[in-house]
Amino acid sequence: MTSLVKSRLIKFFLSLIIVLIAVLIIIFNLRENIIYFYGPTELIKNSDKQGQIMRLGGLVSVDSFQNETDSIFYFSITDGENEIDVKYEGILPNLFAEDKGVVVEGVYMNDGRFIANKVLAKHDENYMPPEVIETLKKSGKWQGE
Amino acid sequence: MSLYIFYISNFLLLLCLTASLIQFGKILNNKIFTRPGIIVLAYVQLISILLSFLILIYLFLISDFNFDLVYFNSHSEKPLIYKFSGVWGNHEGSMLLWILILVLFNFLFALSRRISERFKEITVAVQSIMIFGFVAFLVFLSNPFALNQNNFFDGIGLNPILQDPLLAIHPPVLYIGYVGFSLVFSLAIAGLITKEVDQQWASIVKPWVFSAWAFLTAGIALGSFWAYYELGWGGYWFWDPVENASLMPWIAATALIHCVLILQKRNVMQSWTIILAILTFSLSLVGTFLVRSGILNSVHTFASDPGRGLFILLFIFLILVFSFSLFAYNFEKINKTSSMGLISRGTGIQVNNWLLITILTIVFLGTMYPLATDLLLNKSLTVGPKYYSTTIAPIIILFLFFMFISPRLGWTDTKLYKIIIQMRYLIITSLTITLIISLYFELFNLTETLIIFFSLLLIISSMTASINFNKQNILVKTNLGQNLAHAGFGILMMAVVSNAVYSEERIYNAKVGDNLQLQKYIFSFDKIEQVEESNYNSLKAYFLMKKDGKLIDTFTPEIRFYSNPPTITSEASILHKFFSDIYLVMNVPQDQQSISVRMHIKPFMTILWLGTLMIIIGGIISASIRIGRLNEK
């Protein structure tokens, strides 16, 4: 073999191995880090989702907001059909209010409660997360255009 | 009056359309098209677009609400600078800005000398057909000069979080980067057509590709800096789809500039360079238009109809099909076989090219996967930021290693152990510093320690290489741009890792008179007041920061209530110190008596921006060194 062919072969196999390893790591990591989004009705139907980290979205139910201390809050998220009780410890965004759209991230517990560790902040008070719109449309409660 | 302006501006756009068509016709070598010279036509293209852009600025400044664009995106009470930046704070206006830069690059290239006439003709023709496509899109699908029939008294306004001086310059800088690659693309196509992708070609491309890259880097950095102080989350990079969309062309372009250098020095890797040029420009298009189309949801999205998104997708598709067919047809003719040593600088750069492509793939998969599941399975999901950091970090280690070792190797086969022996003091120094850092800060994570170690190697070796004396103790000319950018990248990586490890966050609910603690600092909540500004009202809190009883600084985080359109924003208050930033944001949730305060200590932020600045300056230096030394050895 000439040195040119040899060096090309080495490069080829080296790149093949690197590509294989890289693709495996990427796919493994991607599957590890996916966070699914659910609406309340969807989540209640799929009780096997308990214990996973996920996002939950809908409207904050009217008259559901309570605070235990200055930083522990209780409220429910509804899509008009079903409700899920949420406990959240932390800081609430400026635009958090009852009857407004909200998306929280956390764990759906075995007792059917949702422990949130993040309330996703949005800036516009008329802004509705697209997932929430989708959720409300699915339950037939969407009143926008 | 408005009607006249409507006619004049549309006439100007049609003029540019015609000039671009004639410019393109030159590629046919037909007599009809040879008459007006390239430069005359380039002047026509530039002046017509420049004038219509100036007219649009004028319309925004005088708040002429007869024009839809002004009505939907401006408001008479807005400060002057935001009336001005509002011109490109929307889909149509930003398209016009995009076209202006496209035309400007075309014009500057048409003026450049020492390039064969035929090659220049083809490049300008490719550039002009793109100008034609985009101007047609502007005139027929998103006309910025559309009139409305109503006499609106006032406009709707610009999204308040976009009302920021940095955001006034972020889009133009980013666009210069993106659009700069259009010229590189045109040059690549011209190279394919003339079958002359060689050292000469690389020398022509080099200044353009480096300046586009430097602008893109600056544009991304500006956006990141804006997110850091305006969004109030204390972070500077969120792996948000929109940020990823600008990072992807940057990664491809980083690979490209190195290939152009190898091509210039060694006349190898012709096909790969062309592929990267096409890839970079396609990703730039994706970067601008996927972001604007409404597929990705964010502040960057301007309301738009699906027709526009379809046009852009079609355009990207055509570009890819055309350029890759041309490539498939001609690639054997541009490739010249020549050998490179296995352990050489060229191999090192090639390895890092693969690593960059791997990172690009990671970012691409993470960005596109949620879109694909949403479109195909109607299932919404997010990819957590951890995916990016855990996948990319190990690659960065390898990447830093090759960045350090490659410039020390020669272009021909080099003995690796000789290099390592040569660098022994450097390696020992870096190892010692890393050891001290990890013991002092109790940092025992392998990935992070390795990144710090190789970053140090890279920083020190790049810095020492940029100061080089010959035997007579005279400072010899060195590759300053490269060394500065490489050291900057090392500094950036070190800062990123240290920042991630040592950031601290405290959340308090506070009433006036409370004392809050963050590390060795005490923050006294002094007072809260309401301030009225011309276009918003704000709630301003005053915190006195003390250390050992001594007053150091006053923090004033704010909440702003805008009325046009109604929006609330939190303004962070930040103290920049050399080794760390102290960062305060406040929130007032409804139904609550106290305010919530989030305090961050963000180490090495200043150093992080400094590293980025070094990369940008390095790029500018490399762009301005016109003709490199051909065939070093």
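Convention: sequence-line order gives letters A, B, ...; per-chain numbering from 1. The model shown is predicted, which means the values in this text are computed figures rather than measured ones.
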Proximal component of A/E42, with respect to chain B [non-hydrogen, under 4.5 Å]: side chain
A/Y38 portion near chain B, given a 4.5 angstrom heavy-atom threshold: side chain
Residues in ring-ring contact (aromatic ring centres under 6.0 Å, His included) contact with B/Y229, at least two apart in sequence or another chain: B/F225
Which distance, rounded to the nearest 0.5 Å, do you find between the [atom1] of [X] and the [atom2] of [Y]?
X      : Y      : atom1 : atom2 : result
B/I392 : A/I26  : CD1   : CD1   : 9.0 Å
B/L381 : A/M54  : CG    : CE    : 12.5 Å
A/L14  : B/T347 : CG    : OG1   : 10.5 Å

For the [atom1] atom on [X], are there more than 12 heavy atoms of other groups (residues, nucleotides or ligands in this structure) within a distance under 6.0 Å?
X      : atom1 : answer
B/F364 : CZ    : no
A/I53  : CD1   : no
A/Q52  : CD    : yes

Output side-chain donor-acceptor pairs under 3.5 Å for residues 29-36 of chain A, partner residues at least two apart or in another chain, one line each.
from: A/N29; atom 1: OD1; to: B/T390; atom 2: OG1; distance (Å): 2.9
from: A/N33; atom 1: ND2; to: A/N29; atom 2: O; distance (Å): 2.9

Structural part of B/V351 lying under 4.5 Å from a heavy atom of chain A: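 Neither; nothing under 4.5 Å.
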Part of B/Y369 lying under 4.5 Å from any heavy atom of chain A: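 Contact with chain A is through the side chain of B/Y369 alone.
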Top contributor to chain A interface from B/P385, B/P370, B/G384, B/G366 [non-hydrogen pairs under 4.5 Å]: B/G384
Max heavy-atom pair count under 4.5 Å with chain A, selected residue of B/L365, B/T382, B/I357, B/I507: B/T382
